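Predicted model, so just to flag it, every value in this text is computed and none were measured.
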Amino acid sequence: MAEKRYSRGASPSSSNGRIKSRTKGAAGDRDYYTYVDGNTVRQLHVASQPMEAEQPVTVSHTTRKNRERALQMNLGYVMFLTAAAVITVFVCVNFLQLRAANTLLQEKVASLTAELDSAVLENDSDYNRVMNSVDLEHVREVATEELGMQLPALDQVVTYEVETSDYVRQYSEIPEE
């Protein structure tokens, strides 16, 4: 059986298992409450004590006036609360408008991204179709047989390294070395 001692902060009750005991010692008279746990708690049958008649509390006239004044709302306080409510509603409405605009912009970005993706796919498919339709062997035959072109000799080929783009523009004659 576990027993705990509580000092004078708790009140005894017949149903919560606390039992009041009074001890005398070197420190003086003290009331302790012993807490008994489980089904071994004794039920106290305390005779109810008649309640003492409450005496009316007398409050001074100035204290009563101060209390009444504290409970009243003056014009300045009402104006402050009204201004605060208006500002709060304004901020909330602006916030909701910004959220709606943000949602619309996100939807527009998503639709433009989908449109770009479809255009890139279409462009790639057209490029592949064109490149596959060109017969390079036929182009070489037409150029050499019908137009009289000749393949370049190895000493006629000049190789350049370009880092910025895929092609070279010639603005002047290539110097012969």
Side-chain angles (χ1 to χ4, degrees), residues 2 4 6-11 13 15-18 33 35 37-38 54 56-177:
K4 298 178 184 174
Y6 292 95
S7 64
R8 201 182 265 192
S11 62
S13 172
S15 63
N16 67 1
R18 290 185 216 155
Y33 295 99
Y35 189 79
D37 208 13
E54 292 185 22
V57 178
T58 58
V59 178
S60 70
H61 182 68
T62 56
T63 304
R64 195 175 320 121
K65 274 189 172 181
N66 286 340
R67 287 180 182 172
E68 288 175 4
R69 192 178 315 133
L71 294 176
Q72 292 178 355
M73 292 176 37
N74 58 11
L75 182 63
Y77 187 63
V78 170
M79 294 301 287
F80 169 74
L81 288 179
T82 304
V86 167
I87 289 171
T88 303
V89 167
F90 179 75
V91 167
C92 289
V93 167
N94 280 341
F95 176 73
L96 291 176
Q97 287 176 345
L98 289 174
R99 290 282 299 224
N102 187 20
T103 303
L104 288 176
L105 288 176
Q106 285 179 345
E107 290 173 359
K108 188 172 183 178
V109 166
S111 69
L112 289 175
T113 302
E115 185 179 333
L116 175 67
D117 290 342
S118 68
V120 166
L121 286 174
E122 183 180 343
N123 191 22
D124 289 344
S125 67
D126 288 346
Y127 176 78
N128 289 334
R129 184 177 42 82
V130 167
M131 291 308 289
N132 290 334
S133 69
V134 174
D135 184 15
L136 295 178
E137 187 62 32
H138 177 70
V139 170
R140 188 186 64 77
E141 286 176 11
V142 169
T144 56
E145 294 174 7
E146 293 179 16
L147 300 175
M149 298 177 86
Q150 296 178 356
L151 291 174
L154 290 177
D155 60 341
Q156 293 176 328
V157 177
V158 178
T159 306
Y160 289 95
E161 290 184 22
V162 179
E163 298 176 6
T164 58
S165 65
D166 294 338
Y167 60 94
V168 176
R169 288 192 180 180
Q170 180 178 347
Y171 295 108
S172 63
E173 290 296 321
I174 300 175
E176 299 204 17
E177 296 178 34

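Residues Arg67 and Val59 approach most closely at NH1-CG2, 4.1 Å, considering heavy atoms.
Dense packing is recorded around CD of Gln156, with more than 12 heavy atoms of other residues, nucleotides or ligands lying under 6.0 Å away.
In this structure, the separation between OG on Ser133 and CG on Asn128 is 11.0 Å, given to the nearest 0.5 Å. Between the CE atom of Met79 and the CG atom of Asn74 there is a distance of 11.5 Å, given to the nearest 0.5 Å. Taking CD of Glu141 as the start and CD of Glu146 as the end, the distance is 9.5 Å to the nearest 0.5 Å.
Partners of Arg69 under the salt bridge (charged side-chain N to carboxylate O under 4.0 Å, His left out) rule, at least two apart in sequence or in another chain, do not exist in this structure.
Sorted by first then second residue, the side chain to side chain donor-acceptor pair (under 3.5 Å) pairs that include residues 100-117, not counting sequence neighbours, number zero.
Using a 4.0 Å cut-off between a side-chain N of Lys or Arg and a carboxylate O of Asp or Glu, Lys65 and Glu68 do not qualify as a salt bridge.
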